Amino acid sequence: MRPDPADAGAVTPVPTVLAEDGVLLREGLVGVLERFGFPVVAAVGDGEALVEAVAEHRPGLVVTDIRMPPDLTDEGLRAAVRLRRGDPGLAVVALSQYVELSYATDLLDSGNGRGVGYLLKQRVADVREFASVLRQVVDGGTVVDPEVVRQLLRRGADPLRRLTPREREVLGLMAEGHSNGAIARHLTVSDAAVGKHVGNILAKLDLPPDEGAHRRVRAVLAYLRGRGD
Amino acid sequence: MTTLDTASRRRGSLAQAMARPRFLLTVWPWRALLHSVTTVVVGIAVAVVALPLYLPWAMVLGTMASRPWDTVRIGEPALIGFLVGLVMIAVFSPLIALPLGALERRRLRIVFAGPVDSGHRSPPPGLWGWVRTRYTEGATWREAAYMCLLLPASGLVLLVLVALGGAGAVMALAPFLLYAEPDTAISLGAHAITAPEQAIPLALVSPVLLVLLLYTCGTLAQGHAVLARALLVGPPREELRAELTEVTESRARLVSAFEYERRRIERDLHDGAQQRLVALSVDLGLARLDLEKSSEADHRVAAAQAKANDLIDELRGLVRGIHPRLLTDRGLPAALAELADHARVPTRVDTEIPGRLPTHVEGTAYFVVAEALTNVHKHAEATAAAVRAHVAPDDGPVPDTLVVEVADDGVGGADPAGGSGLTGLRDRVAVMGGTMDLSSPVGGPTRIRVELPCGPIPPTPGL
């Protein structure tokens, strides 16, 4: 498929390794990735092959299914965690038919919690949004599926109780990888208001003020870990 | 077997009835009397039928007794007579004892409400098979022993019936007898009564004898029943036991097959329909890239994509109900937490489960909680629910027990008989050898507590 000049022209191509055992979906994914400037250097069907392909191609991004042969459990997740342990800077986006908080925690705990994405498979269908998520992850962002965030909010992890509903909403959007500007547009409030919310959230989480952008990620991580396990 | 036990509990027993002051007002004394009378009838019948068996021994003894004691010698004729008698008893007594045993087990039901299985095995087809089975099994010879004991026992019962019953009847009728036959006299030891007026006190006292008779019959019948149960009623039949084992095993197989099928369906959906739908949605997304934004075609494709996404969500919910992937991958705590996430009523989950439990235990616990939370949503009108699950370690060889509790703050009044999923829940737990307690007073709160042994599926379920 030809690269879409409108989407891919402006950015540097990121060589990508794809792991997905379903042939149909693999084709679709390759289509999306190539079109948005993520040339697929290897497309494999299980966790073992994924680790080998990454060692061989040194890609800038890994997109992997979580459930793959031979066990059909969480092969892909384990492979991703292994890869990131070896190379904490490797950007990984894990896809799954369903999302679960404990998987998200595993992924975010690997490496430094940056450059990780964890999404429902069907999010790929919103191709532009998906491409922008990939871009964020490659740039070191942390993106978790809104569904995970919803689980998080429903379970009422302890520190969360200290937040106002609006702050929770902002945190949810932060966890989805949105910038302050994007959050402001989403909630139709001013950038300054979002900045204040974010400041409150970070303060209520007792995060030290000297870490800049890392604090955003740590805020999300704190929630994911702070659910009592 | 449980049903029979329940039946005997409901009807009580003769011994229990006799211990109560209202014994005479119940049906039990008359049952005891009926049993005693029939005991005498059966005893006489057996004595007549079995008499030829004892003839050789009787003749030997008779011959010996007819001579002066110092000339008695145990010679060849006596020995032969004794042996012939022994052989006759060995060969023919089962032929009488077997039908007698069957009859007596039926008669036992008059005074005993428990199970009266014979303890006989099923013989292979053919006469020889029958003979070999019957003559070699303990049940037959216990019945033969019963036959021997029945003779003196029925003699004793006869004595009691005649003495107490006869005396009572004479005393009750004495005034009438003396009135009808003025010349006769009824002697009471040294004293004799000749006038009807004198006999009236006797008639008045006679009910005491009736009471005495009924209590004596009760005691005799109870003793008889104990003896009969010891000799005539066997443990549950061999084939019954074999059947039970078979049923248990097949049930365990069914449960595993059921579990396996669910997993297979889940896998098929995951690899098939779910994957295809996502691929379809992705293709539609790619197609939209080539369409003019906000054109009619774009709207159409977007609508189609939204439908596909709804279908994907629906399918995911369906798969969760069939077999939660998370349960297999991450175990019970994660699966219960996910269940609570999707519950309509805000639900807290507390788990204390070290490591993984056997698959069937995890599966059952999961479905108990799923069903309980559905009930909370449907019936309880609750504002909050709580799920607790922990493993209670047991001492000794007993495996650990998983205890699962689901509580809500709703209106209560849950009735297991009311067609809610509670009966199914109880069955599912029972199949695993577990127990389920439900507390749901009207006005609430409702609490379900399930205990599941963490060993293999047990051979004797609490069904």
Side-chain angles (χ1 to χ4, degrees), chain A residues 1-2 4 6-7 20-36 65-69 71-75 77-78 95-103 105-106 120-131 147-148 150-157 227-229, chain B residues 263-264 266-267 269-290 293 301-302 304-306 308-313 315-317 319-320 324-331 333-344 346-351 384:
Chain A
M1 198 174 282
R2 76 192 154 81
D4 191 323
D7 301 299
E20 160 66 57
D21 63 315
V23 180
L24 269 177
L25 190 56
R26 188 156 68 200
E27 277 172 20
L29 273 166
V30 169
V32 173
L33 291 169
E34 305 248 310
R35 183 138 183 181
F36 286 92
D65 185 9
I66 283 187
R67 184 180 177 184
M68 282 191 294
D71 296 355
L72 290 174
T73 56
D74 53 358
E75 292 268 309
L77 181 81
R78 277 183 279 137
L95 301 173
S96 180
Q97 210 64 265
Y98 68 90
V99 288
E100 159 57 28
L101 214 45
S102 65
Y103 289 148
T105 315
D106 281 7
L120 271 179
K121 270 187 182 173
Q122 72 209 63
R123 308 289 179 220
V124 180
D126 193 349
V127 285
R128 279 179 210 278
E129 176 67 29
F130 179 63
E147 188 69 28
V148 177
R150 205 167 304 143
Q151 285 183 17
L152 195 66
L153 298 181
R154 282 209 60 151
R155 282 184 201 181
R227 62 185 187 94
D229 59 8
Chain B
R263 280 167 191 243
R264 193 187 60 75
E266 187 269 340
R267 208 167 46 231
L269 282 175
H270 178 270
D271 296 345
Q274 281 184 305
Q275 199 223 118
R276 277 156 189 269
L277 272 172
V278 172
L280 168 70
S281 187
V282 171
D283 281 349
L284 290 173
L286 280 170
R288 283 184 69 193
L289 292 179
D290 297 331
K293 261 195 183 165
V301 175
Q305 203 180 10
N309 284 341
D310 286 350
L311 209 52
I312 292 168
D313 286 337
L315 208 53
R316 194 167 51 241
V319 166
R320 191 184 307 121
R325 191 65 229 169
L326 196 62
L327 185 62
T328 318
D329 291 355
R330 293 270 151 142
L336 291 184
E338 195 209 27
L339 209 51
D341 286 338
H342 292 94
R344 304 285 182 84
T347 303
R348 262 185 71 90
V349 179
D350 280 314
T351 49

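A note on names: the letters A, B, ... follow the listed sequences, proteins ahead of strands, and every chain is numbered from 1. Computed from a prediction, not measured in an experiment: that's the story for all the values here.
- Taking a 6.0 Å sphere around CZ of B:R264, one finds it holds more than 12 heavy atoms contributed by other residues, nucleotides or ligands.
- Annotation: the span from B:H270 atom NE2 to A:S96 atom OG amounts to 6.5 Å, rounded to 0.5 Å.
- A:R35 CZ to B:L289 CG: the interatomic distance, rounded to the nearest 0.5 Å, is 4.5 Å.
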- Verdict with supporting geometry, B:V278 and A:Q97, side chain to side chain contact (heavy atoms under 4.5 Å, CB included): CA-CA 9 Å; B:V278 172; A:Q97 210 64 265; 3.5 Å; yes
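- Residue A:L95: no heavy atom, backbone or side chain, is found under 4.5 Å from chain B.
- With a 4.5 angstrom heavy-atom cutoff, B:Q275 touches chain A via backbone and side-chain atoms both.
- Atom-to-atom distance recorded for B:D271:CG and A:L24:CG is 11.5 Å, nearest 0.5 angstrom.
- Of the listed residues A:Q122, A:R67, A:E27, the one with more heavy-atom pairs under 4.5 angstrom with chain B than any other is A:R67.
- Residue contact with chain B, scored on non-hydrogen atoms closer than 4.5 Å, is absent for A:F130.
- With a 4.5 angstrom heavy-atom cutoff, B:R267 touches chain A via backbone and side-chain atoms both.
- For B:R330, the part lying near chain A is the side chain, with the backbone staying farther off; criterion is any non-hydrogen pair under 4.5 Å.
- Here the straight-line distance linking atom CG of B:D329 with atom CD of A:E75 works out to 10.5 Å at 0.5 Å rounding.
- The OH atom of A:Y98 lies 14.5 Å from the CG atom of B:L315; values are rounded to the nearest 0.5 Å.
- Between B:V282 and A:K121 there is no side-chain heavy-atom pair separated by less than 4.5 Å.
- The two residues A:A125 and B:N309 make their nearest non-hydrogen contact at CB-OD1, 4.5 Å.
- Note: A:L25 leads A:L120, A:L25, A:V124 in heavy-atom pairs under 4.5 Å with chain B.
- Of the listed residues (A:D106, A:L29, A:D21, A:D126), the one with the most heavy-atom contacts under 4.5 Å to chain B is A:D106.
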